[in-house]
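Residue numbers start from 1 in every chain, and the chains themselves are labelled A, B, ... in the order their sequence lines are given, proteins ahead of strands.
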Amino acid sequence: MFAKNYGSSTGYGGNRTYSCSSSGDVDSALGFEDFLYTDDTSGTDEDLDLFVLFGNLRGNVVGLRYYTGVVNNNEMVALQREPNNPYDKNAVKVNNVNGDQVGHIKKELAAPLAYIIDNKLARVEGIVPYGAKNTFTMPVQMSFWGKEENKQAVLDRLKMHGFKMAPPLKSSELGFGSNLFSGRAGPSYSAPGHTAVQMTTEQLKSEFDKLFEDLKEDDKTREIQGPEVIGTQLLPHQKQALAWMVLRENNKELPPFWEERNNFFYNTLTNFAEKERPENVLGGILADDMGLGKTLTTIALILANFHNGKPLPVEKIKRDQLYKEFGATSVKNEGDLPFKDLNCNLESSTSSGKNETVQSQLSSSYPKRTKAKKPKYSESSDSEESEEWLPQETRINTKKDLPTTRKRSKASCNFQEDTGFASALAAPSPTLKKKAKKKGTSSIQLAKKDDSEEGQRTTLIICPLSVLSNWIDQLEQHISPDVHLNVYVYYGPDRSKDPALLSRQDIVLTTYNILASDYGSRGDSPLHKLKWLRVVLDEGHTIRNPNALQTKAALNLEAQRRWILTGTPIQNSLKDLWSLLSFLKLKPFADREWWHRTIQRPVMMGDQGGLRRLQSLIKNITLRRTKMSKIKGKPVLELPERKVFIQHVTLTEEERQIYQAVKNEGKLAISRYFSEGTVLAHYADVLGVLLRLRQLCCHPHLCTNASSFSGTGVNNTPEELREKLVNKMKLVLSSGSDEECAVCLDSLTFPVITHCAHVFCKPCICEVIQSEQPNAKCPLCRNELRLEHLIECPPEESDFESVKKSDREWIPSSKINALMHALIELRKENPVVKCLIVSQFTTFLSLIETPLRESGFVFTRLDGSMPQKKRVEAIQCFQSSQAGSPTIMLLSLKAGGVGLNLTAASRVFLMDPAWNPAAEDQCFDRCHRLGQKQAVIITKFVVKNSVEENMLSIQNKKRKLAAGAFATKKPTASEVKQTKINEIKTLIDL
DNA sequence: ACCGCCGGGTGCC
DNA sequence: ACCGCCGGGTGCC
């Protein structure tokens with residue numbers, strides 16, 4: 001895999017001050033964009049993909065005359081238990097695709113069905129072969145799906161009640177099982193004589209790879225100019241995306257799989273029909289690769305398509321108005337204003353003088369961080385994110401430079417002078433606030449009441465916290481200076497809960513955590529009271545887990561148009577798509593059963609018809625281009641080269657001794673766990689050993705907490721136990737192992753530790769305990785689990801404040817020497833080249849600061865514990881091309897999200913290998929992205945004969961796994977455990 | 001007739 | 001439901 005390609009050209013070699021021995025490899029395994037490895041454990045969800053078809057049974061639906069739901073011939077129906085039915089606790093309802101009840105299963109059959117369903121022995125699905133025109137009863141063909149091991153129990157139970165299931169047919173039922181009744185099947189079912197062709201896993205994977213490939217259709221290759229209020233010239237592929245998005249938003253077509261048939265609308269997948277025209281989603285999925293400008297395209301959309309392709313009526317500032325409103329006084333008093341004005345001026349970035357203005361305005365416009373020392377993981381629902389901003393009603397506009405921009409303002413969009421909006425918008429901010437209070441609810445647009453399209457103007461954008469500032473930056477950068485846009489950042493403890501205020505904005509920006517906590521706590525979420533013109537979910541794959549609160553919160557938003565922006569629409573399973581489709585409200589997929597029966601299961605079973613349906617669905621609603629995509633023969637993005645070198649570092653005799661001592665001790669303990677078979681029970685301890693070894697590879701001072709092995713068998717006082725568990729949790733969180741919550745499979749938010757020492761998100765594990773009532777078990781080790789035993793992470797002094805706690809005298813380390821040597825050589829070559837120095841250990845970054853200062857490097861720093869405001873400052877400072885600006889940024893591996901743009905750097909020094917290679921690649925992409933003009937050279941420092949080398953081999957395994965495992969079954973809990981155990985063995989040389 | 005047969009009332013779970 | 005089932009009316013040939 002590794003081509004030897006480490007040359008003398010990069011100039012590592014002997015040196016008086018900083019010496020290092022080195023050899024290196026080029027890391028060539030780079031291309032696995034979409035296939036992120038994720039630890040997957042079977043959580044609370046049923047393993048639907050393990051289900052097999054047990055067989056079919058015909059039964060009867062009765063009581064039709066009492067219900068309104070009607071069905072067609074061959075229509076799919078849902079069977080739903082109704083345990084609270086007063087006449088029969090075994091009752092099973094029959095619903096049509098719309099969820100309207102059609103009738104009940106006849107009671108004799110309902111009895112065994114109730115037992116089978118309640119005990120989760122099988123899922124029962126129905127199709128009504130002669131569904132139409134029945135008055136009292138109708139037949140229903142049922143198929144039973146479940147885990148192989150439950151098949152006999154199902155057969156027995158049916159037999160007990162005198163029913164005999166027909167065995168499944170060979171291949172014809174592979175699809176939806178519907179062509180069994182092909183007498184009157186709809187057109188989407190296999191043609192007579194055609195049997196479903198099953199694909200191999202390999203074929204399936206390659207089909208998946210092609211799923212989102214660029215589709216050369218008219219709709220997607222036509223370009224339109226961006227609105228003139230966008231100050232930036234859109235790239236050709238962005239113009240295409242904009243044209244496509246505008247088309248989607250004004251889409252009058254039926255949604256996919258619907259046809260009009262003699263005055264009815266007919267769904268070809270389920271055979272459901274209704275009089276009412278099914279709404280198509282006015283929106284879709286923009287799934288362009290990272291760095292292609294989804295944000296900019298979306299901003300252009302917001303301005304370009306307010307209604308029927310007409311632009312948003314925005315206020316254009318006239319010269320005299322400007323001076324009147326934003327003259328000297330408002331600038332002077334800026335600090336006191338409740339709302340501050342963001343200065344947005346696209347020319348400014350080129351002129352240094354103006355640049356400064358923009359920066360200072362920007363920083364002053366950022367919300368203040370409240371002084372309160374809220375713990376990182378405190379109870380308060382508002383503080384799930386560590387930064388606290390004051391809310392603000394922000395106007396994007398300009399105060400200067402009118403003469404140069406006025407011309408353009410004349411010619412731009414169809415702005416209607418005297419709309420109600422315009423006058424409200426024209427008021428200076430402080431006044432606006434008062435007005436808002438006075439006006440109260442008069443202008444509020446409540447979701448249910450006012451459906452008139454003209455009544456809605458606001459686009460709600462939801463993004464991860466890490467890209468919030470990116471949105472603000474891009475709004476400033478790209479919107480013409482003569483345009484006045486009301487933007488409200490709905491964030492922070494003092495955010496306004498007034499829907500009227502929100503509905504007056506052009507754009508409301510918020511985060512997933514705010515969305516979820518507003519939705520979850522009290523019923524006062526204004527986000528859920530309004531009907532938005534448009535909702536945009538940035539990094540929309542964030543809602544892929546249907547059980548996560550943020551997903552439910554997002555699905556409950558009301559909007560006329562809906563967009564999902566994501567670079568990775570499918571992260572590791574087709575299942576990831578469901579939440580996205582559900583958000584888009586495409587009938588009938590919002591209900592998981594129909595999605596599963598019509599697409600997910602057929603595809604997972606290798607059915608070609610299923611795959612075709614999936615393809616045509618995706619084609620219909622998504623646009624995706626990768627960095628490799630071409631437009632008129634030219635690559636969409638031409639990125640400079642990226643090279644990864646591995647530089648091996650040899651520890652000094654002294655360092656090696658400490659390392660060996662800790663390793664021997666740890667190895668002893670871990671091999672004991674192995675012989676006892678308790679490795680997973682001691683998972684936190686094992687991580688601790690590995691952590692210390694990784695730290696020692698970097699610097700001896702990182703490994704402060706001396707050996708913390710403790711026989712857990714000993715009886716501790718509750719206080720001691722608590723402290724131990726808290727330490728373990730801190731260990732897991734700080735180990736950089738990127739542990740995920742085994743329930744939601746996402747990174748830990750609001751972590752708690754169980755008495756069995758496993759860490760979960762608090763909401764996730766609470767839900768597990770609730771649902772498994774009285775005897776809940778740990779999802780990882782099946783130990784007893786109790787709500788009152790969960791321990792939360794206590795408030796933590798952030799690294800940021802307590803950096804200089806190490807009162808020990810500074811000493812170098814082999815790795816620091818190797819780094820400094822490289823930096824100094826590099827500076828000789830090119831004094832202005834900018835570098836990222838990346839580590840998972842922020843204390844290591846702090847230790848690196850000392851020699852950087854001594855050698856006269858100007859540097860800045862970005863890590864997760866910094867308040868948002870400081871981060872923005874650090875980024876802007878580093879990105880600046882001014883003389884004397886920092887040439888080095890100390891960066892913690894996981895700081896910032898995908899949006900982080902550090903293109904000023906063309907060199908990266910990765911100080912310690914990460915567990916997950918994808919995390920490293922994401923980090924590299926922060927400088928290797930749109931805007932990078934130079935080749936990017938990455939140096940990974942790896943200590944010879946150490947845990948770090950072993951980590952590299954694990955990384956390679958994960959890469960291969962990630963590249964090959966897509967679309968195959970997710971690993972079972974025991975497979976995950978085995979993988980972990982194997983990893984531990986590799987890492988500690990057992 | 002402690003039956004059969006007739007025909008009206010009635011109808012999910 | 002053009003069914004089944006129920007229960008009241010009825011009753012040789």
Can a donor-acceptor pair be found between the side chains of [X] and [Y] at a distance below 3.5 Å?
X: A:Y519; Y: A:N556; answer: yes
X: A:N73; Y: A:K133; answer: no
X: A:N280; Y: A:E253; answer: no
X: A:Y266; Y: A:N271; answer: yes
X: A:H104; Y: A:E82; answer: yes

Can you tabulate the close N/O pairs, meaning under 3.5 Å, that link protein atoms to atoms of nucleotides 10-13 of chain B?
unit_1, atom_1, unit_2, atom_2, d
B:dC12, OP2, A:Y66, OH, 2.4
B:dC12, O2, A:H104, ND1, 2.8
B:dC12, N3, A:Y67, OH, 2.8
B:dC13, OP1, A:K107, N, 3.2
B:dC13, OP2, A:K107, NZ, 3.3
B:dC13, O3', A:D88, OD2, 2.7
B:dC13, O2, A:N85, ND2, 3.2

Take atom NZ of A:K133 and atom C1' of C:dA1, then tell me their distance rounded to the nearest Å.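 Spelled out: NZ on A:K133 to C1' on C:dA1 is 19 Å.
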Does A:R601 qualify as a cation-pi partner of A:W145, given the criterion of NZ or CZ under 6.0 Å from the six-membered ring centre and within 45 degrees of its axis?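 The answer is yes, since A:R601 meets both limits relative to A:W145.
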For the atom pair CG (A:L53) and CZ (A:F144), what is the distance rounded to the nearest 0.5 Å?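 Output value for this atom pair is 10.0 Å.
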Only pairs with both distances under 3.5 Å count, Watson-Crick or wobble alike; so what is the partner of B:dC2 in this structure?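 Pairing partner, where one exists within any strand: none, as none qualifies.
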Scan every strand shown for a Watson-Crick or G-U wobble partner of C:dC12, both distances under 3.5 Å, and answer none if you come up empty.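 The answer is none; no pair meets the criterion.
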Grab the N/O contacts between the protein and nucleotides 2-5 of chain C below 3.5 Å, and write none if there aren't any.
none

Which residues pass the side-chain hydrogen bond (donor to acceptor under 3.5 Å, both in side chains) test with A:Q615, not counting sequence neighbours?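 Per chain and number, A:Q615 pairs via side-chain hydrogen bond (donor to acceptor under 3.5 Å, both in side chains) with A:E207.
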Interatomic distance at C1', B:dA1 relative to B:dC5, whole Å: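 Those two atoms are separated by 12 Å.
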